[in-house]
Amino acid sequence: MLILPISFCCHSVVLAFQSTQDSIPQSLEEYYRFHNLQPNSGPFGVAYLIDKTGKGRKPQAGDYVVLSYTGRFLNGEVFDQSDANDPFVFQLGYRQVIKGWEAGLPFFNVGSKGRLFIPPAMAYGKRGAGTRIPPNTPLIFEIELLRIMNFEEYDRYMVELEEKERQSYEQHQQKQFTQDKKIIQQYAISNKLRTKRTPSGLSYVITKKGKGPKAKGGDLLSVHYEGHLTDGSTFDSSFGKKPYEFPLARGKVIPGWDEGLTHFSKGSEGWLLIPSKLAYGPRAIEEDDISIPANSVLVFKIKVVDIQPKTIK
């Protein structure tokens with residue numbers, strides 16, 4: 001979100017050019033005249049209008065405030081807004097937001113809705129904010145003040161919020177895992193692979209048996225591989241190059257490899273079908289010539305060239 005003075009947060013940016021005016025106001029004063037507004041004057045050129053009066057108290061420095069907002073340019077274009085399910089929380093008076101908010105929000109009661117009109121000097125000034133807000137740009141914020149909290153209330157609020165986020169994440173992960181297992185099953189059927197599934201959701205098949213013991217944690221493996229997405233596209237391959245070497249179960253490869261290759265011995269060939277949670281999860285990979293979308297099931301053709309047993313010292 002763009003109200004932070006230094007860094008941008010992860011709220012989504014919504015674009016909506018809503019002005020149909022032939023002449024767009026270039027200053028707040030022009031905006032007031034054009035829309036026949038008479039806002040209340042606040043400090044340092046900040047102005048405000050309360051469209052709906054709340055019944056709670058007004059915030060003071062040190063209070064934690066919870067609010068929803070929409071930020072607009074003078075032409076009506078939305079440059080930032082809070083998520084409907086995730087209101088913005090900050091501590092008033094500690095430079096966590098632009099100066100215009102610090103000056104204007106103490107005029108709002110809890111439960112009130114209104115607008116803040118902020119001159120450039122109380123927003124992002126001569127520098128602007130990245131590519132989204134040009135230098136010397138006045139801003140308008142539609143505000144709804146939802147709640148005021150002290151430190152103890154804020155602490156409880158954050159604990160509850162973290163728990164909700166954890167539950168939401170786990171629900172998303174479980175849904176994704178269920179979907180991944182269906183994708184893996186369908187891929188195996190379509191490609192006539194008689195796989196075995198482990199409790200983690202990993203599926204594997206050995207198409208050529210090797211010799212000797214299976215790989216164990218700490219062993220140094222030398223492996224040829226070819227990585228595919230389930231649409232058949234290849235994202236990486238070591239064939240025609242040197243085999244890839246790594247110690248097994250030491251966090252040097254994705255979890256699906258650390259688990260799956262324990263079913264292979266020297267000379268083994270086969271396939272690993274890996275659910276996204278044992279690969280890169282919700283993280284998309286764009287690295288050199290490798291492109292892997294977020295939440296991708298990965299399919300690897302595997303050939304174990306050599307296994308050097310772990311040396312016990």
Side-chain angles (χ1 to χ4, degrees), residues 173-174 176-313:
Q173 288 291 88
Q174 185 57 46
Q176 184 67 50
F177 183 49
T178 300
Q179 180 179 333
D180 286 354
K181 288 191 290 184
K182 292 179 180 177
I183 292 172
I184 289 172
Q185 183 181 38
Q186 186 58 51
Y187 184 92
I189 292 172
S190 298
N191 290 274
K192 299 179 180 179
L193 298 175
R194 300 183 65 181
T195 60
K196 295 181 181 179
R197 179 186 289 174
T198 71
S200 70
L202 171 79
S203 289
Y204 71 95
V205 58
I206 306 298
T207 56
K208 179 182 177 181
K209 293 184 178 181
K211 296 181 180 180
K214 295 178 180 178
K216 301 183 296 296
D219 289 349
L220 182 66
L221 271 62
S222 180
V223 174
H224 270 309
Y225 67 91
E226 190 172 82
H228 303 271
L229 302 177
T230 54
D231 63 4
S233 60
T234 301
F235 59 81
D236 195 17
S237 177
S238 71
F239 288 98
K241 308 173 188 176
K242 291 179 61 176
Y244 181 61
E245 291 188 354
F246 65 98
L248 189 64
R250 292 295 182 267
K252 301 298 184 181
V253 291
I254 58 175
W257 270 40
D258 273 338
E259 178 188 347
L261 286 167
T262 61
H263 301 286
F264 287 69
S265 55
K266 181 178 178 179
S268 294
E269 297 181 21
W271 296 82
L272 294 177
L273 284 67
I274 302 175
S276 60
K277 74 172 186 177
L278 298 180
Y280 298 104
R283 180 164 61 100
I285 303 297
E286 296 292 339
E287 186 176 294
D288 299 326
D289 295 329
I290 298 174
S291 180
I292 301 174
N295 298 312
S296 290
V297 169
L298 302 184
V299 179
F300 287 95
K301 180 181 179 180
I302 296 290
K303 180 180 180 180
V304 178
V305 177
D306 193 21
I307 298 176
Q308 296 293 325
K310 176 183 178 181
T311 301
I312 301 176
K313 295 183 179 181

Gap between atom OG1 of T230 and atom CG of L273 - 0.5 Å precision: 9.5 Å
Positive for ring pair (Phe, Tyr, Trp, His ring centres under 6.0 Å) with H263, one of W257, Y204, W271: Y204
Shortest non-hydrogen separation from A279 to L298 and the atoms involved: CB-CD1, 3.6 Å
Atom of D219, atom of P309 and distance for their closest heavy-atom approach: OD1-CA, 3.3 Å
Closest contact, heavy atoms only, F235 versus I290: O-CG1, 3.5 Å
Main-chain N/O of S276 paired to D180 side chain as donor or acceptor, under 3.5 Å: yes
Straight-line distance of I184 CD1 to L193 CG, nearest 0.5 Å: 11.5 Å
Closest non-hydrogen atom pair, H224 against S238: ND1-OG, 2.9 Å
Trace of the side chain to side chain contact (heavy atoms under 4.5 Å, CB included) decision for T262 with K214: CA-CA 6 Å; T262 61; K214 295 178 180 178; over 6 Å; no
Heavy-atom pair with the smallest gap, counting every atom of S200 and K277: O-CE, 3.4 Å
Contact check, side chains of F246 and V223, non-hydrogen atoms, under 4.5 Å: yes
Flag, side chain of S268 to backbone of G210, donor-acceptor distance under 3.5 Å: yes
Results of ring pair (Phe, Tyr, Trp, His ring centres under 6.0 Å) for Y187 - residues two or more places apart only: none
Evaluation steps, side chain to side chain contact (heavy atoms under 4.5 Å, CB included), between K208 and K303: CA-CA 9 Å; K208 179 182 177 181; K303 180 180 180 180; 6.0 Å; no
Atom pair CG/NZ of L248 and K216 - distance to nearest 0.5 Å: 10.0 Å
Side chain D231, main chain S233, donor-acceptor under 3.5 Å: yes
The single option from I302, L272, L261 passing side-chain contact (heavy atoms from CB on, under 4.5 Å) against Y225: I302
V253 versus D258, closest heavy-atom pair with distance: CG2-OD1, 3.3 Å
Sequence neighbours excluded - side chain to side chain donor-acceptor pair (under 3.5 Å) pairs with any residue from residues 286-302: E286-S291
Spacing of CG belonging to L202 relative to NZ belonging to K181, to within rounding of 0.5 Å: 12.5 Å
